[in-house]
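In this chain, residues are counted from 1 in sequence order. Below, all heavy atoms of this structure are taken into account, side chains as well, without hydrogens, waters or symmetry copies.
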Amino acid sequence: MASPKSQTAKGRQSSQEFKKQAAAEEQKVERAKGSPLKKGAERFEERSKSADGKSAGEKQVD
């Protein structure tokens, strides 16, 4: 894996712009939703539920 210092200036700029755009999109979604998006483990659990309503942990038990 390459070290961060081996990136080009254009690559670093692109990465920074991507992060800014992702943060702006997240804020837009949070405003539309009316509450903050869940982060970390809570977000994983929320996203891992399938149409049957079972989480990833519940599926492992079955």
Worksheet item: How far does OG of S14 sit from CD of Q7, to the nearest 0.5 angstrom?
Response: 10.0 Å
Fill in: Straight-line distance of K33 NZ to E26 CD, nearest 0.5 Å
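Result: 10.0 Å between the selected atoms.
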Practice prompt. Spell out, as yes or no, whether a donor-acceptor pair under 3.5 Å connects the side chain of E30 to the backbone of L37.
Written response: yes
Worksheet item: What do you reckon, is NZ of K19 surrounded by more than 12 foreign heavy atoms closer than 6.0 Å?
Response: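 No, not enclosed.
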